[in-house]
Protein chains: 2
Amino acid sequence: MPHSDDLTARARIRDAALAEFGTQGIAGATIRGIAKRAGVSPALVQHHFGTKEGLRAACDDHVLEYYRSTTETAFERGHISDSSFLAKIYDSSQPVLDYLARALVDGTPAAATVFDEMVNLTERYFADRPGLADARTRAIVYTSMRLGGLVLHQHVARLLDVESITDAGPQLGRATLDVVSPDILPDGVADQIRKALDNYEKEEDR
Amino acid sequence: MPHSDDLTARARIRDAALAEFGTQGIAGATIRGIAKRAGVSPALVQHHFGTKEGLRAACDDHVLEYYRSTTETAFERGHISDSSFLAKIYDSSQPVLDYLARALVDGTPAAATVFDEMVNLTERYFADRPGLADARTRAIVYTSMRLGGLVLHQHVARLLDVESITDAGPQLGRATLDVVSPDILPDGVADQIRKALDNYEKEEDR
DNA sequence: CAGCATGCTGTACGTATGTATAGGCTGCTC
DNA sequence: GAGCAGCCTATACATACGTACAGCATGCTG
């Protein structure tokens, strides 16, 4: 599905850029490398996006819009349970995930925005659970922890001996449930997620 | 204390490299930039470390040795409670932390080793707690989560409005206690950490 | 004091990279 | 069919980078 030939060249370049930025880092990626991956000339990259920075900004826009649309549909369907929402993110295409992980470390504006909005969502979602720290700090720590698995995906995948962490979704979901305190989740959500994980695996077995 | 003039030029170059690699990324850092930061000529960098890759390897070695020595002293003192151990890591000098965070994402050998060893330690430390996932996967997820706060330190610091996350140690510690399930920690450890945090703050107030 | 190793610098070279420019091909409009 | 706009390429250029090399000062050794 990804990288199909029926995409416009512009879209193919953007996808290639996401992948290259994601795997090589923003500084490490090159226009020529991106062009090669997209199967076009380096000059076409410049034609569509102007400069490397412009291309990176376009990637930022794309990831941000992707993030916004997924959270929005999650909201519409009413089940903005934090986990299903984050599951959406993990269902993103690999290039988008790789880029987001890198962007969070390289400090692009979109990554900062995604982080901030996730913190805001989490803070609201967790409501007023009692704890040692204030709700805001807890939301920040929780978000950094959940995204940690994304940013460090290569190590998680390596130790689990899978190609991509998306190949170990339920396993990771269960372990996450073990690690995260049920006290900070709204009542009943933990059970809800447990059931969802079971159903997911049943469907996969068919 | 860091970056003092009484260090050998070789050590100053290494520290400068840690900082540059950490802030700019490995591909983004340049020999010239490192030399400038260290206050030496670019040629001296080459004289001491040969190539950029050699310099990076030296940084890897340094971080790995730093990590090993801190975990070792923690072992010797008998309190290899995971948290105090991770607190040690967070007490590392800023350049070392920055480098480690980048190295985990850029995928250097030392970073992979640190990750693996932390997983092993965590797995042993958590012993045989019951849970949905196996102990190994839980250790992997837990480690990725804890290191997530390190790798994403810039966003955590930004939202907490502090210069460095080391300026918010107890606050982050408390929030972490809120987020992490007490069930996976050995009995009594949560209380232990709580007390340690209180003592730490008392000492700081003096 | 001659010889030499060590730490350090200045300069130079080849290459890769971002970017600018000129031009070609296709398909549409009048 | 002439003209033109959009998509695309080939070539060229300036810069920054990693690296090689020759040389200078200092201090130690015989």
Side-chain angles (χ1 to χ4, degrees), chain A residues 3-62 98-99 102-103 105-110, chain B residues 3-62 95 98-99 102-103 106-110:
Chain A
H3 207 213
S4 38
D5 285 341
D6 54 350
L7 286 174
T8 65
R10 189 185 156 89
R12 260 185 301 135
I13 292 172
R14 183 184 25 74
D15 284 355
L18 286 167
E20 289 279 305
F21 283 143
T23 55
Q24 320 283 333
I26 289 175
T30 67
I31 303 267
R32 285 168 173 83
I34 292 166
K36 192 167 193 177
R37 182 186 282 254
V40 301
S41 74
L44 189 61
V45 177
Q46 186 189 17
H47 172 72
H48 279 297
F49 298 96
T51 67
K52 181 180 180 180
E53 167 60 21
L55 179 54
R56 195 208 49 75
C59 290
D60 256 31
D61 287 346
H62 186 248
D98 287 349
Y99 178 83
R102 279 286 183 167
V105 177
D106 284 343
T108 78
Chain B
H3 208 212
S4 39
D5 285 340
D6 54 351
L7 286 174
T8 65
R10 190 186 155 90
R12 259 185 302 134
I13 292 172
R14 184 183 24 74
D15 283 355
L18 286 167
E20 289 279 306
F21 282 142
T23 56
Q24 319 283 334
I26 288 176
T30 67
I31 302 267
R32 285 169 173 83
I34 292 167
K36 193 168 193 176
R37 183 187 281 255
V40 301
S41 74
L44 189 61
V45 177
Q46 184 189 16
H47 173 71
H48 278 299
F49 297 96
T51 68
K52 182 181 179 180
E53 167 59 22
L55 179 55
R56 195 208 49 74
C59 290
D60 256 32
D61 287 347
H62 186 249
D98 286 349
Y99 178 83
R102 280 285 183 166
D106 284 343
T108 78

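Quick caveat: nothing in here was measured; it's all calculated off a predicted structure. Just so it is clear, the values below take in all heavy atoms, side chains as well, and ignore hydrogens, waters and symmetry mates. The sequence lines fix the lettering, A, B, ..., with proteins before strands; numbering per chain opens at 1.
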TODO: To the nearest 0.5 Å, tell me how far B:L18 CG sits from B:I13 CD1.
DONE: 12.0 Å
Task: Whole-Å distance separating the CZ atom of B:R10 from the P atom of C:dT6 - done: 13 Å
Taking only nitrogen or oxygen atoms into account, show me every contact under 3.5 Å that the protein makes with nucleotides 10-12 of chain D, one pair per line with its distance.
none

- [ ] Check every atom of C:dT17, D:dG18, C:dT19 against the side chain of A:T51 and return the nucleotide holding the closest atom.
- [x] C:dT19
Task: Backbone N/O of B:T23 and side chain of B:R102: donor-acceptor pair under 3.5 Å - done: yes
Task: Distance test, side-chain N/O of B:H47 to OP1/OP2 of D:dA20, below 4.0 Å - done: no
Open item on the list: As a test of reading the structure: which of C:dG18, D:dT19, D:dT9 is closest to the side chain of A:L44, going by heavy atoms?
Closed with: D:dT9
- [ ] List the steps and the verdict of side chain to side chain contact (heavy atoms under 4.5 Å, CB included) for A:V105 and B:D106.
- [x] CA-CA 10 Å; A:V105 177; B:D106 284 343; over 6 Å; no
- [ ] Examine distances only and state if a side-chain atom of A:Y99 and a backbone atom of A:R56 form a donor-acceptor pair shorter than 3.5 Å.
- [x] yes
Donor-acceptor pairs under 3.5 angstrom involving side-chain atoms of residues 38-47 of chain B: please list them, not counting sequence neighbours.
| unit_1 | atom_1 | unit_2 | atom_2 | d |
| --- | --- | --- | --- | --- |
| B:S41 | OG | B:L44 | N | 3.3 |

Task: Rounded distance (nearest 0.5 Å) linking atom CD1 of B:I26 with atom SG of B:C59 - done: 8.5 Å
Open item on the list: Tell me the interatomic distance from A:R12, atom CZ, to D:dC7, atom P, rounded to whole angstroms.
Closed with: 13 Å
Task: Whole-Å distance separating the CD1 atom of B:I34 from the P atom of D:dA16 - done: 17 Å
Task: Atom pair distance, as rounded to whole Å: CZ in B:F49 and P in D:dT19 - done: 14 Å
Open item on the list: Measure CD/A:E53 against P/C:dG18 and give the value in whole Å, please.
Closed with: 12 Å
Task: Residue A:I31, side-chain atoms from C-beta onward, closest of C:dT9, D:dC17, C:dG18 - done: C:dG18
TODO: Using atom types as modelled and distance alone, determine if a side-chain donor or acceptor of B:R10 lies under 3.5 Å from a backbone N or O of B:H48.
DONE: yes
TODO: Enumerate the residues from residues 21-29 of chain A whose closest heavy atom to DNA chain D is under 4.0 Å, giving them by residue number; use none for an empty result.
DONE: none
